[in-house]
Amino acid sequence: MKYEIVMGLEVHVELSTQSKLFCGCSAKFGADANDNVCPACAGMPGMPAVTNQKAVDLGIDAAIVTNSQITRTMTFDKKNYFYPDLPTSYQITQWFAPICRNGWVEIETERGKKKITLKQIHIEEDAGKMVHDARSGTSMLDFNRTSVPLIEIVSNPDFRDAEEVIDYLEKLRALLSFAGVSDCKMQEGSMRCDVNISVRPAGSEKLGVRTEMKNMNSLKAITAAIAFEANRHIDAIETGSEVLIQETRGWDDDKGITFSMREKEDATDYRYFPNPELMPIVISDEWIERVRSSLPETSQDKFVRMTQTLGLPEYDSSIITRSKALADIFDQTMAHFDKPKEVVNWIIVELLGIAKGDNKGEDDIRIDCRKFADLIRLVDEKAINRNVGKKLLIKVLEEDVDPENYVKEHGLGMLTDTSLIDKAVSEVLAENPKSVAEFKEGKLKVVGFLMGQIMKKMGGKADPEAVKSILQSQLDQL
Amino acid sequence: MERFVRSESAGKKDAVALEQCIMEKGKPATSGSKMLNNFTAPFDAEVVSRLNATDTSIAGRVEMREFAVGGSFFDTQFGSPAIEALLAGDAGFALCSDVFGEIRSKAPMAGLAYIHPTYGSVSRYGLIPLAASMDQIGVLCKGLEAGFQLLSKIAGSDLKDGAMLSEKEYEYTKINRRLRIGIPTKIVALASEADQTAIKSFCANFETENIDLTHFEIAKQVMTILAFAEASNNISRYDGIKFGYRANEYKNLEELYVRSRSEGFGLPAKLAAIMGTYVLSRDQYESYYEKAMKVRRLIKNSFEFDKYDLIVLPLSISDDAYENLSLYALSPLAGLPSVSFQYEGQGIQLIANSKDENALITAWEVAQA
Amino acid sequence: MLEISKYESLTKLNLTEIERTQIEKIANKLIVSFEDLREIDTKNVEPLVSVLVLQNVLREDINVKSISREELLSNAPEQYGGYFQVPKTLD
């Protein structure tokens with residue numbers, strides 16, 4: 001029998017604010033445990049909550065880029081449950097009047113374009129972090145993330161396979177990171193995705209038993225978890241090997257399986273009620289316009305600009321515009337060196353190559369774009385050759401050296417003096433009679449070997465084109 | 001628990017005692033609960049900062065019923081440590097939080113007065129909450145004139161509290177206005193004869209208007225539902241994990257929660273937790289919590305301050321404390337300022353329009369003359 | 001009538017028999033009195049969440065350093081290495 005998978009997503013994204021949602025603590029990632037915590041976000045009584053305006057601005061941003069209908073009077077509510085990572089034992093969220101509803105995001109898979117519709121986006125506070133200490137058998141609590149502002153983007157059950165899910169997440173990440181809403185880093189937890197999944201016989205209208213999966217911290221994990229869970233559902237339907245129940249399941253990345261976390265919670269009653277100390281927030285046309293007019297270029301707009309105005313290939317442009325970090329590097333480098341094709345090549349071939357070798361994500365590349373631009377110019381102006389440029393790039397990334405100074409100090413400037421090259425070519429040909437003989441027999445492959453020998457002799461600094469042409473003419477004269 | 005924890009300034013005539021729900025940096029702030037016996041306030045309440053800034057002495061800390069959950073529900077006699085401190089001469093004033101009317105009901109009989117200010121005029125920063133939509137620090141005093149002087153030192157907007165009126169400061173003074181007093185005759189008729197006589201005598205100083213306070217009887221239910229619901233939420237943070245009482249023995253997290261809360265809370269907190277959770281539960285929300293919020297609007301709208309400046313009320317209309325709760329529920333539910341004081345040996349309560357504390361002072365002064 | 005054990009579990013309380021009796025008595029009286037709410041017509045009445053008629057009370061997105069971690073943890077029943085400590089949660 002054929003089956004259809006039906007999925008809906010709940011995506012949590014941490015907003016890029018300086019301070020937390022309801023107190024002035026820093027929202028920055030990576031501080032020492034409990035360093036960004038005040039009495040309020042540690043759950044102590046007596047500090048009234050006051051809403052961070054920037055979080056509302058960013059929520060409006062998110063509403064705009066997801067084509068959502070903004071709620072003109074939004075409110076905050078309290079959701080009650082006990083858990084150690086929730087110090088107040090309630091989460092401030094938006095239950096009755098979320099910031100927006102009824103949005104959509106267009107995705108594109110091999111089967112074409114499709115609109116994923118959104119039920120709503122609401123603003124809420126994050127929980128803290130609990131670390132388990134195996135040695136002492138205790139749990140350790142760090143409230144640095146407590147009350148950091150989040151938006152939760154709730155989709156309708158519009159997804160039919162993992163490819164759609166992944167494309168949607170990439171699309172969301174591009175939309176939100178380009179808008180400055182969030183840096184959307186799955187590994188740091190600033191973008192998290194829960195997948196609600198059910199399976200039904202193809203053609204059936206009735207939805208199957210739904211489970212919710214949590215704890216997937218990469219796109220790869222999400223794909224694997226969907227495959228595992230869909231198979232588990234199908235097995236259960238076909239063989240009756242287990243009875244599916246509505247529940248929350250965790251993803252074990254090491255074992256590649258989902259496991260039951262808790263039964264889904266018709267039993268839990270969160271007792272939502274309006275927070276009486278947070279006044280309603282009325283979002284006027286003017287407010288929306290102010291936010292809209294200060295929105296940075298979207299990834300889609302940037303793609304159009306790169307392909308149409310700058311004449312860059314679609315493939316290259318799509319790589320640059322899928323990541324806010326790369327797009328920023330592109331723009332900032334272009335500000336110092338205005339040759340788009342060169343800049344794009346250096347980013348895609350060299351910068352991404354190095355990052356991949358170091359197992360770094362695109363978002364983790366840190367480079368001084370002025371220095372990067374200087375380096376590209378040096379190569380473009382033939383002041384250094386490309387190989388020297390590549391080595392220099394590593395120095396710029398690792399030691400933040402200034403390319404021009406470094407080239408001067410280390411004498412890496414390109415050697416273009418033809419008499420020197422001519423001499424080196426003659427010497428190499430004299431030292432390699434075997435290769436010369438092979439060339440005469442028609443083995444053109446040896447040219448590459450000879451080139452390498454000449455470049456080596458000249459400390460890697462010669463102009464490769466000059467070397468090539470002089471070598472060619474000397475070989476022709478043999 | 002000590003009913004009065006003395007500071008150096010205890011005994012000074014104008015020194016201010018603070019209820020245990022008002023935080024002073026470095027001092028225990030118990031809010032009357034064993035749960036917070038070992039909790040040390042990490043900062044000063046805004047009202048404390050303002051007292052310090054005006055060189056007002058702090059007499060010490062007075063005990064209170066657990067989290068200020070009102071006495072109307074319990075048989076046990078708790079008295080009022082704040083009132084005791086003033087009577088003993090330990091303090092000239094006390095700052096309290098009195099949602100349920102426990103102090104408002106008792107102060108006049110002890111010859112004292114209580115000012116419950118307009119909601120949003122005094123910062124709640126550093127006040128351990130019971131019910132944020134009604135919590136308001138008020139002044140227990142020997143005379144209203146001095147009481148309002150103290151209130152003017154602590155009132156005024158504070159950006160750290162998002163539920164405040166915008167007025168930066170308040171000057172409370174007698175005004176030259178002919179005051180009209182609304183007399184809810186049906187309610188007054190339920191008071192003792194002595195109370196009725198006192199009210200009549202008080203009102204003889206003013207123009208009067210007989211009025212009907214619609215939704216008066218239901219105020220006690222609305223107050224109980226809303227205050228318990230908010231309280232159940234506010235005290236859920238006390239779980240033995242971050243601060244406050246933690247049980248000595250527990251095998252796992254669930255036991256830590258249950259034992260810490262069961263041992264740390266007294267009956268008032270437990271009642272508020274259970275009842276508040278009940279009225280907020282999914283099945284009851286609409287008929288209780290939401291309904292109570294709607295009726296609260298009707299109560300707020302039932303005041304007609306275009307017809308009168310003040311409403312006079314007795315302090316008791318029944319032997320059943322719960323029935324009397326409606327008398328004290330009106331001003332917190334509607335956010336209106338009120339005073340209770342002794343007049344001709346009997347307790348009287350006046351309620352004025354929002355931010356019209358001056359009508360309260362004026363009425364009191366006129367009646368004294 | 002109030003099914004008190006359900007609310008004990010939601011509120012993480014384990015009442016003694018005496019407390020249960022006391023609370024039941026008060027609660028049942030209150031619940032009977034709540035019946036009066038039904039008689040009040042609230043059609044077209046909006047719930048009142050706060051008596052203040054304010055909107056858009058917002059603060060600027062700036063960091064305010066509060067108390068130190070040492071002060072914060074000084075109230076903790078158990079702490080270790082800058083963390084609040086609790087028994088293991090997954091049993």
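Chain A is the first sequence line, chain B the second, and so forth, proteins listed ahead of strands; every chain is numbered from 1.
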Winner by heavy-atom pair count (cut-off under 4.5 Å) against chain C, out of [options]:
| options | answer |
| --- | --- |
| B/L159, B/V222, B/I225, B/T224 | B/I225 |
| B/I235, B/L298, B/N301 | B/L298 |
| B/M293, B/H215, B/R296 | B/M293 |
| B/F243, B/Y245, B/Y257, B/Y278 | B/Y278 |

**Asked** How long is the span from the CG atom in C/L2 to the CD atom in B/Q284, to the nearest 0.5 Å?
**Response** 9.0 Å
How far apart are the closest heavy atoms of [X] and [Y], and which atoms are they?
| X | Y | value |
| --- | --- | --- |
| C/A27 | B/M275 | CB-SD, 3.5 Å |
| B/F73 | C/I26 | O-CD1, 3.2 Å |
| C/V49 | B/S133 | O-CB, 3.8 Å |
| B/R261 | C/K12 | CB-O, 3.5 Å |
| B/G162 | C/L54 | O-CD1, 4.4 Å |
| C/P77 | B/G240 | CG-O, 3.6 Å |

So what's closer than 4.5 Å to chain C heavy atoms on [X]: side chain, backbone, both or neither?
| X | value |
| --- | --- |
| B/K242 | both |
| B/Y250 | side chain |
| B/S236 | neither |
| B/A163 | both |
| B/L333 | backbone |
| B/F43 | neither |
| B/L271 | both |
| B/I274 | both |
| B/N233 | neither |
| B/S281 | side chain |
| B/M134 | neither |
| B/E263 | neither |
| B/K160 | neither |

**Asked** Is B/D283 atom CG crowded by more than 12 heavy atoms from other residues, nucleotides or ligands, each under 6.0 Å away?
**Response** yes
